[in-house]
Visitor: 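To start, I am sharing the structure in question, which I have written as structure tokens.
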Amino acid sequence: MDAKIIATRPFDGQRPGTSGLRKKVKVFRQPGYLENFVQAIFDTRADLKGGVLVLGGDGRYYNRHAIQIILRMAAANGMSKVLVGQGGILSTPAASCVIRKYRTQGGIILSASHNPGGPDADFGIKFNTPNGGPAPETVTEAIYARTGELDSYRTLEAADLDLDRLGEVKLGAMTVAIIDPVADYADLMESLFDFTAMRRLFDSGAFKMRFDAMHAVTGPYAIEILENRIGAMPGTVMNGKPLEDFGKGHPDPNLAHAKELVAMTKGADGLDFAAASDGDGDRNMILGKDCFVTPSDSLAILAANAHLIPGYQDGIAGIARSMPTSQAADRVAEALGITCFETPTGWKFFGNLLDAGRITLCGEESFGTGSDHVREKDGLWAVLFWINLLAARKQPVARIVREHWHGFGRNYYTRHDYEAMDAQAAGDLMDYVRRLLPGLPGTKLGDYRVEYADDFAYTDPIDGSRSGGQGLRIGLEGGSRIIYRLSGTGTQGATLRVYLESFEPDATRHNWETQAAMRPLILVARELAQIETRTGRTQPDVIT
Ligand code: G1P
Ligand code: ZN
């Protein structure tokens, strides 16, 4: 089988965002569009030639088709082997695990994460480097630059492969290994957590839990680990079958999209523990009976309790959180005498710190939590960490959270998203606030005195690379903050995210009603950015 060189044209706008290239399926379907991006990956990653690549995705519409295209191109570009998850499935953290375990030259992950799937919905592709993590900006920029130059791509003329049969087959000179997408990942989880203690918790019969896979990729993983290996009751995993359109749902585990699950935790008969993950399995939502654990609190609580978990019993080296994530983890780091790094939004900024051994745990407010076991955030890992913690502390979720607040104070936290905004209006709003920043320190916003205000920039402590324009950050007296940032993952117009945090040191003054407790700060943030007058929006579309 000879490689065919097919003429193409460069495509504009193939700049990968926070998590790779994400577009509508119909954009990806344009002749040459996916091919252009994939060829740019092969052209810029010299070691892929003769090397091994991992390939899989979240099972959404177009996943299988894209895999066939990429396999033919990989063969034509001289790869020696591609490891493909059976059925084209690999959760994002499992792909990271496989890349690391088999020391491959990287991986291609097909996913639009939590965005809806289907012919009219979203698709995405990203390249992960040999450390198992999302490519850093230098790499994504090189790929992007190449997408604008290409005039041809290489492929083979060959029939589609059977992606469902385990084992090795040849495609031209290249080997395609269809691997069990779950086993390596499940083994890794078993090496980190105390499955025996967790099994006892389930065996007690007094612990009721559900995991909602939202018809996305984590179903097979959760069934194998929770039900088969740990012994949770069959049916513990809900919506466990991956579907191409996620059952028409929105596979984003948050209070807005996992309503059914949230309802199951309410009242006397409510579940003791409930959790969910997103389209590609890297996000997590944690719920206890009548209790929602914010991702920011979850990171802080996991850090404070890590010594109770076998994989982390020797302590943690450091913590990192994305800038908009609440400062709850900073307080834990301070108590433990370790560093808490503040990085820009996006998992890729944790990679160097993890590789250098500077941090063990990291997380984002956007329902992402993880550790040095892989180089992606990991939804099921966070869920297992929590179950292991519940088994070790023998206390309900709400009790653990409350005790944490008593010890460290409470960082009230909420994020307000304004979606599908006019991109111009959103950009103007950000420019307006940016211009206000220098004049803010020392002034008062409502009852809050401004301590600092800046356009967040980050210098990577390992490689010295600098990333600017990462969100407008306003620090208020007493540890409260307001942050404005435009999303880098949306596929429709612009999404404005307003992140709000207010610190309450006195644990006795806790109010479970976050929105009510944070009302004054919310109003200040709306007014400062003139959100209503500039955008016509009186309410955010999504509150988490
Ligand atoms: C969002 C989240 C961010 C996360 C990313 C990928 O990006 O805010 O924390 O890393 O998805 O899951 P955004 O749309 O805000 O750019
Ligand atoms: Zn995701």
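Sequential numbering from 1 along the given sequence is applied to the chain's residues. In this text the structure is predicted, and so the values were computed from the model without any measurement. As the structure lists them, so they are numbered: ligands from 1, and atoms in each ligand from 1.
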Visitor: Can you tell which part of S366 has a heavy atom less than 4.0 Å from ligand 1: side chain, backbone, both or neither?
Guide: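 Side chain only; the backbone of S366 stays clear of ligand 1.
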Visitor: Would you call R534 and D422 a salt bridge, taking side-chain N to carboxylate O under 4.0 Å as the test?
Guide: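 Salt bridge absent between R534 and D422.
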Visitor: Hey, what's the ring geometry for Y62 with H65, parallel, tilted or perpendicular (30° and 60° as the breaks)?
Guide: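 Y62 vs H65 ring planes: tilted.
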Visitor: Here's a test for you: under ring pair (Phe, Tyr, Trp, His ring centres under 6.0 Å), which of F37, F28, Y33 qualifies with F11?
Guide: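 Single ring pair (Phe, Tyr, Trp, His ring centres under 6.0 Å) partner of F11 among F37, F28, Y33: Y33.
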Visitor: Any nitrogen or oxygen of L486, side chain or backbone, less than 3.5 Å from one on ligand 1?
Guide: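 No, since none of the N or O atoms of L486 sits under 3.5 Å from an N or O of ligand 1.
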Visitor: Answer yes or no as to whether an N/O/S atom of S113 is found below 2.8 Å from the Zn ion (ligand 2).
Guide: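 Yes, S113 qualifies, because one of its backbone or side-chain N, O or S atoms lies under 2.8 Å.
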Visitor: Determine whether the side chain, the backbone, both or neither of R22 has a heavy atom under 4.0 Å from any heavy atom of ligand 1.
Guide: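 Neither; nothing of R22 gets under 4.0 Å from ligand 1.
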Visitor: E376: heavy atom below 4.0 Å from ligand 1, yes or no?
Guide: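 Contact absent.
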Visitor: Please check whether T345 reaches ligand 1 - meaning an N/O of the residue sits under 3.5 Å from an N/O of the ligand, judged on distance alone.
Guide: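 Between T345 and ligand 1 (N or O atoms, distance only) the closest approach is not under 3.5 Å.
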Visitor: Using heavy atoms and a 4.0 Å limit, tell me yes or no: is G368 in contact with ligand 1?
Guide: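 G368: no contact with ligand 1 (<4.0 Å).
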Visitor: Side chains of Y413 and D297: any donor to acceptor distance under 3.5 Å?
Guide: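 Per modelled atom types, D297 and Y413 side chains form no pair under 3.5 Å.
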Visitor: Checking T495 against D417: is there a side-chain donor and acceptor pair closer than 3.5 Å?
Guide: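 Side chains of D417 and T495: no pair found under 3.5 Å.
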Visitor: So which of the N, O or S atoms of D278 lies nearest the Zn ion (ligand 2)?
Guide: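 Nearest N/O/S atom of D278: OD2.
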